[in-house]
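Below: the structure, in structure tokens.
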Protein chains: 4
Amino acid sequence: MTPTRPAPARGRPRSTTSHQAVLQAVAHLIDVEQLGFEQLTIEGIAAQAGVGKQTIYRWWPDKAAIVMEAIQAGKLALDIGEVPDTGDLTADLRMWMRQARQRVFTEKNMALARSLIVALVASGVTVEEYVPGGSIQEGSQLAQRLESEERAGRLREGIDVEAAAFALLDPVVMKMIAGQVPEPNWFDALVDVIVDGVRR
Amino acid sequence: MTPTRPAPARGRPRSTTSHQAVLQAVAHLIDVEQLGFEQLTIEGIAAQAGVGKQTIYRWWPDKAAIVMEAIQAGKLALDIGEVPDTGDLTADLRMWMRQARQRVFTEKNMALARSLIVALVASGVTVEEYVPGGSIQEGSQLAQRLESEERAGRLREGIDVEAAAFALLDPVVMKMIAGQVPEPNWFDALVDVIVDGVRR
Amino acid sequence: MTPTRPAPARGRPRSTTSHQAVLQAVAHLIDVEQLGFEQLTIEGIAAQAGVGKQTIYRWWPDKAAIVMEAIQAGKLALDIGEVPDTGDLTADLRMWMRQARQRVFTEKNMALARSLIVALVASGVTVEEYVPGGSIQEGSQLAQRLESEERAGRLREGIDVEAAAFALLDPVVMKMIAGQVPEPNWFDALVDVIVDGVRR
Amino acid sequence: MTPTRPAPARGRPRSTTSHQAVLQAVAHLIDVEQLGFEQLTIEGIAAQAGVGKQTIYRWWPDKAAIVMEAIQAGKLALDIGEVPDTGDLTADLRMWMRQARQRVFTEKNMALARSLIVALVASGVTVEEYVPGGSIQEGSQLAQRLESEERAGRLREGIDVEAAAFALLDPVVMKMIAGQVPEPNWFDALVDVIVDGVRR
DNA sequence: AGGTAACCGAGACGGTACGTCGCGTCTTACA
DNA sequence: TGTAAGACGCGACGTACCGTCTCGGTTACCT
């Protein structure tokens, strides 16, 4: 049985130096130079990385893929942070929202946030896999918190935890995409709706 | 002398023919030629419309503005339709969601939907003002339905109707952006969360 | 009878400024910067001329065509000068050859000469139409001198004047192409062969 | 210790297989694939030969050198053939010219001829050393024939045989470079001028 | 009934970035 | 050490669109 051994790798191997330089360059351009996703150019990345354009085209299909990998490699972080678990769901979610507002909806971070999201969208990956720092399968921070609440018997029966997580997160993401910074009480109102519903 | 009277408009007036031709061209390119927002070019629009580039630049600041106006003019429809008002909020919203799934999450319409959303995002306009089919003046269909419910005294006191509308709509929009078609019960679960909340 | 009037020339007309700038740039790069034909790049020409690349591609099919036009426009001269006509054919041709050696086979002019010739060759134009300053139809300097001699009855009957002119000029051109500077007596020996033949 | 003994040749010796493969590849590309000298690329040659680029750069300084060696190795023939020596100089040269016209000025061979000449020119070698089919050591066929005539005492005293050979050959080469096929009597007229001169 | 100012189409202009090709160098594994 | 393979930094290619600019020609208002 030949276990489909990988080809013996002929020719000069891929340069890890260049690879890292490209990811670092993307991080620099987005984070420091404050370029949006559409201002980002392959030529600019190549120049910043001190790398030939061909080297980029050899390994990534497009801009989005590079930004994606930079995110996954941790070069570009958009981590809102842990969702606290004090037992008071409303308070915990409000606290997390407050963190989100402070960390992500900064003048400085908005361009980054929009770039990341556009990259994610353009690459066809679901946003929530990345934004909370984990994937849905692993359990996003929000979904995990809700599941914890569910295990404590404090949620209604038959609630779709994933849907609830989306209902909380996606309005926040949409605001980021639109480049708008909501008022603090907008976040609270959102939490309030999800936790208690709208019906009397 | 009436100081607010508009200037007497000397010279040749704006050609409505050209104006309409541009909007029609955009609709054709997106809808028939199936071009995404980024594939759409000013030169392509001008050529399709049989119009000079200058004419476009004279009347619209950028691509997004043209697409926006084409939507508002009804040349490009992404109309989910009216939210029914039978008095049963859950049933009404589920019905509307079912319509959304059928009309927008079509193989054929997904590209259109993504184009429109990118255009809206790029133009800095909040998405929810357009997607439900209403204009800024009319306000969101969803928000209207919720307000009607509120006037009937069937909502909890102090509910932020706008936040609730976002919590319903944005997950749907995000799915469109991501190019994913959710299962029917995903929509129902979402409605359920918003209407009744997650807390026991 | 419609005398095929030229089309009414729609759109912005060709910029003579840019046109001239390109020709001047080529002259500068070859003549001053001492670039050979293969070192010459379209991008370099565009940059030197302060012109977009597209403007060059719009009007010239390739490098050779630009250099050609620069020669024809007199921006790049490779004029050996008049062939004297004192009645002494050998002396006159030797004098002209001496001029050729001094004017063209200069350290400074060799690159220019090779560039021009490569351009001419690459563009498929016969060299002798340009090098002597005129075309064969108009009569090259050499052919004219020989014809003058013929009219004076000093040539053998049935001599092909054109062939004789080639036999004189082409070895000189080949030396230029090869980048070699012949000794002065090489030129004299060449003239001697043509004027008196090799047979005893 | 024998100081002139060649170094003991440490390491793996030069691969004659690769060497030949390169020359063969050049011949194939020029002759069969009908590539001109400028279309010919090192990478293309390496691929065709199944050889690493480095191997080529190790043994040849540039493209021209490879083509040169291919010619010398007889892989690429541009052999006009021997100049006959019947004692009748005019007849012999006319015969040789007729051969040249038939062998080289063929539709099929023109591209080859131009490639070779450009290669020779680019490599800075005088053309006449190669075109007649001889190598540097053997000297030019034409010059040899003229020297034979001289030894027979049938040339004028003090004639520069080399100059005469140039005067005959270079117009032919220039026609090849220009891609023109002269009429048969053009060749005869050329021979006539060289043999008997133009002066009455 | 002009004059004239703003419109219109066409398309050339200086640019920027694209994605590709080939250069000559380098770095592997293998022979 | 030579060799095939092939990645590397680099530079130029020819193309696509950008947003601006000039043409000749066309309205439609205002003397």
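Just so it is clear, the values below take in all heavy atoms, side chains as well, and ignore hydrogens, waters and symmetry mates. First the proteins, then the strands, lettered A, B, ... as listed; each starts at 1.
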For atom CD1 of C/I56 and atom C1' of F/dA12, their distance in whole Å: 13 Å

How many whole angstroms separate atom CD of D/E38 from atom C1' of E/dC21? 16 Å

At a heavy-atom distance below 4.0 Å, what parts of residues 20-35 of chain B sit against DNA chain F? none

How large an angle, rounded to 10°, do the end axes of the helix from E/dA1-F/dT31 to E/dA31-F/dT1 enclose when each is built from five base pairs? 10°

Side chain C/K63, main chain C/L40, donor-acceptor under 3.5 Å: yes

For the residue pair C/W60 and C/L23, establish whether any side-chain heavy-atom pair is separated by less than 4.5 Å. yes

About how many Å separate CD1 of C/I45 and CD1 of C/I56, when rounded to the nearest 0.5 Å? 5.5 Å

pair B/I71-B/V67: side-chain heavy atoms closer than 4.5 Å: yes

Atom CD1 of A/I66 and atom P of E/dA17: how far apart are they, to the nearest Å? 15 Å

5'-most by nearest nucleotide on DNA chain F - D/G50 or A/S18: D/G50

State, with a plain yes or no, whether a side-chain heavy atom of A/Y57 is found less than 4.5 Å away from one of A/I42. yes

To the nearest Å, give me how far apart CZ (D/F37) and C1' (E/dG22) are. 14 Å

Between D/V26 and D/A70 the two heavy atoms that sit nearest each other are CG1-CB, 4.3 Å

In short, C/A49 meets C/A21 closest at the heavy-atom pair CB-O, 3.5 Å

Does any N or O in the side chain of A/K53 come within less than 3.5 Å of the main-chain N or O of A/A46, such that one atom is a donor and the other an acceptor? no

d(D/Q24 CD, D/L76 CG) to nearest 0.5 Å is 9.0 Å

Donor-acceptor contacts, no H, no angles, side chain residues 11-20 of chain A, under 3.5 Å, sequence neighbours left out:
residue : atom : partner : partner atom : Å
A/R14   : NE   : A/H19   : ND1          : 3.0
A/R14   : NH2  : A/H19   : ND1          : 2.6
A/S15   : OG   : A/T17   : N            : 3.4
A/S15   : OG   : A/S18   : N            : 3.0
A/S15   : OG   : A/S18   : OG           : 3.1
A/H19   : NE2  : A/E69   : OE2          : 2.5
A/Q20   : OE1  : A/K75   : NZ           : 3.1

Distances for protein N or O near nucleotides 13-17 of chain F N or O, under 3.5 Å:
residue : atom : partner : partner atom : Å
F/dC13  : OP1  : C/I42   : N            : 2.9
F/dC13  : OP2  : C/I42   : N            : 3.3
F/dC13  : OP2  : C/E43   : N            : 2.9
F/dG14  : OP2  : C/Y57   : OH           : 2.4
F/dG14  : O5'  : C/Y57   : OH           : 3.4
F/dG14  : N7   : C/K53   : NZ           : 2.9
F/dG14  : O6   : C/K53   : NZ           : 2.7

Given that B/V51 and C/T16 both sit by DNA chain E, which one's nearest nucleotide is further toward the 5' end? B/V51

Please tabulate the protein-to-nucleotide N/O contacts below 3.5 Å involving nucleotides 5-7 of chain E, giving atom names and distances.
residue : atom : partner : partner atom : Å
E/dC7   : O2   : B/R12   : NH1          : 3.0

List for me each residue that meets side-chain contact (heavy atoms from CB on, under 4.5 Å) alongside C/Q34, sequence neighbours excluded, and say none if there are none. C/K108, C/A111

